[in-house]
Protein chains: 2
Amino acid sequence: MTTSRSPRERPAKPALTSEGIVSAAVGIMQAEGLKKVTMRRLAQELDTGPASLYVYFANTDALHAAVLDRMLGKVDLAPVEAQGDWRDRLIQVLSSYTTVLFGHASLARSALVSRPGGPHYLEIVEAVLALLHEGGVPQAQAAWGVDILLALGTATAAEHARDDDEAPEVDWSTYVQVIHAASPNHPYIGAIGTDLLSGTPEERLQWAFRVLINGIAFTPRS
Amino acid sequence: MTTSRSPRERPAKPALTSEGIVSAAVGIMQAEGLKKVTMRRLAQELDTGPASLYVYFANTDALHAAVLDRMLGKVDLAPVEAQGDWRDRLIQVLSSYTTVLFGHASLARSALVSRPGGPHYLEIVEAVLALLHEGGVPQAQAAWGVDILLALGTATAAEHARDDDEAPEVDWSTYVQVIHAASPNHPYIGAIGTDLLSGTPEERLQWAFRVLINGIAFTPRS
DNA sequence: ACCTGAACACCGTTCAAGT
DNA sequence: ACCTGAACACCGTTCAAGT
C-alpha cells in the first residue's frame, strides 16, 4: 500500500546511469570536498555497493575526471563573441576557467593527473584558439600556446585553492620569516624581499596570463 | 652472544631522526613509487609503529614535502656561474628542475599541493633570480616571474611524468581520434589538427620556457 | 549486460600508556 | 621528550554469484 502507489513517500531508487552517478558525485563534492568523493561513499549515497560503480568508471581517477568535465561546463565562454580587445577577452575566458577550479583545489589537482579531454574541455580549447587566431597569433605558436595557458591556470588553482576540509594555507608571516631567514645566504632573495609574495593570487595570475600571451605571440617555434 | 657484540649480524635498529626517516622514504619511493610512501609502510621499514613517525612529521603531506626537498638537492645549479647566454643557462637550470620531478610524477603533484619552501627550493629560486638579474629583467617582473617559471615546470612534470606503478599515459592515437572527432564542431581545433599534440614534452617545455622568459622580460607589471 | 555481497589488502590518525 | 600498541574509521578493487 505504501510502496507501489506513492513513489514520493520513499524516493524510488533511480536506475544507475553515468550522468546520475556524476551528479551524485558533484553533490558530495560541493558538500564535503572531492576527498569524500570515493567509490564507497558514492555507492552508499546511491544505495548500492561500491562494485556497481565499476561498471561505469574504471577507477576513482576516471570518476574524478568525469566530475571535472561536468564542472568545466560552468566556464563562461561568452567573451569569445563579445566586443573589445582580444587579449582582454582571452584573459576573461582563462580567468573563468581558473575560477571554476579555484572552488575545488583537489579538482584542479585531478586535472593535472589525468589530462582532461572531455567535451567541455574541448570547448575551452576551441575558444582559446579562436581568440588567438583573432589576435593574429601564428598558428604553430597558438597550437602549443593553448596548452601552456590552460596548464598555468590549472597549476595556479591547484596551488592556491583550498578545500574546506584541507589544512589552511600556510600563514603569510611564515613565508616572510622564511624569506628573512634566507636573506644572508641568498642575496637576490634578500634584495627583492617580500615583493616575491606581493599581490593577490588573482593579480599575479592576470599578469601571468599577459606574460604568456605576449610571449606566445612573439616567440617563434624553433 | 649474538646480539650485543656483533651489530653486523642484525643491523642495530637505528635511532629515529628526521633525516633517517626521509632517507628511508626516498628509498621506498625509488623502489616502488611515492604512492607506497605511507606512514604505515615507512614505519614497517623502520621497524616501528606508524604513530612514532608523527613525532617528526605532522602528517603524510609534510612527509612528502620533506622527500621533495631532498630530491631537489639534485638539481644542477652550475649553469648560474657558467659562461654563455643567460637565457640558455636559465633554461638549463629550469630543465634540470623539471627532470628531477619527471622521474616521479606523484612527487611533482605533491609540489603543487604544498608549495615547496625547503632549503633546496630556495637555492633554486635564488639561482633563477640571479640569472634574471644578469639578463637585466626589471626586479618587479623577476619577483613574480620566478614563481611562474617554476610552476610551469612543476605542472609539466605533474602532467607528463608517469610513475612505474601508475596507469600508462593515454595512447597518442586516442588523442588523435578525439581531435578528429571534434573537428566538425570545432573549426579551430580541426584546422590545427595534430599540431596541437606535436613535439616531445621536452621540446614543448623548452619553447614554453622561452615564451615565459620573453614575456617576463617585456611585460610590465600593472 | 548489469548489479551485488563479501572479501582482500590496505590506508591516516589519535590516544592512553609507557620509557 | 620520545616511542609504542591498539583502536577507530575509513579506503580501492576484485571476484564469484546472481538477475
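A, B, ... follow the sequence lines: proteins, then strands. Residue 1 opens every chain. In this text the structure is predicted, and so the values were computed from the model without any measurement. Note: hydrogens, waters and symmetry copies are ignored here, and every other heavy atom, side chains too, is used.
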Novice: Atom CG of A/Leu46 to atom C1' of C/dC2: distance rounded to whole Å?
Specialist: 15 Å
Novice: List the protein contact pattern of nucleotides 7-19 of chain D with one symbol per nucleotide (5' to 3'): B for base contact, S for sugar-phosphate-only contact, - for none; contact means a heavy-atom distance under 4.0 Å.
Specialist: B---BBBBB----
Novice: Tell me whether the count of non-hydrogen atoms from other residues, nucleotides or ligands lying under 6.0 Å of CD in A/Glu19 goes above 12.
Specialist: no
Novice: Testing A/Ile28, A/Val26, A/Leu107, A/Leu68 one by one against A/Leu34 for a side chain to side chain contact (heavy atoms under 4.5 Å, CB included), which residue passes?
Specialist: A/Leu107
Novice: Determine the contact category for A/Tyr56: base if any of its heavy atoms lies under 4.0 Å from a base atom, sugar-phosphate if only primed atoms, P, OP1 or OP2 are that close, otherwise nothing.
Specialist: sugar-phosphate
Novice: Pairing check on C/dT13: which nucleotide meets the Watson-Crick or G-U wobble criteria with it, both distances under 3.5 Å?
Specialist: D/dA7
Novice: Could you check which nucleotide pairs with D/dA1 in any of the strands shown, counting Watson-Crick or G-U wobble with both distances under 3.5 Å?
Specialist: C/dT19
Novice: With no hydrogens and no angle check, do the side chains of A/Arg109 and A/Thr154 hold a donor and an acceptor under 3.5 Å apart?
Specialist: no
Novice: Give me the atom names and distance for the closest heavy-atom approach of A/Ala66 to A/Phe57.
Specialist: CB-CE2, 3.6 Å
Novice: Report yes or no: does B/Ser52 contribute a side-chain atom to a donor-acceptor pair with the main-chain N or O of B/Thr48 at less than 3.5 Å?
Specialist: no
Novice: Expressed as a whole number of Å, how far does the C1' atom of C/dT14 sit from that of D/dC3?
Specialist: 14 Å
Novice: Provide the distance between the two P atoms, one in C/dA9 and one in D/dC8, to the nearest whole Å.
Specialist: 22 Å
Novice: Under a 4.0 Å N-O cut-off, is there an ion pair linking A/Arg221 with B/Glu203?
Specialist: no
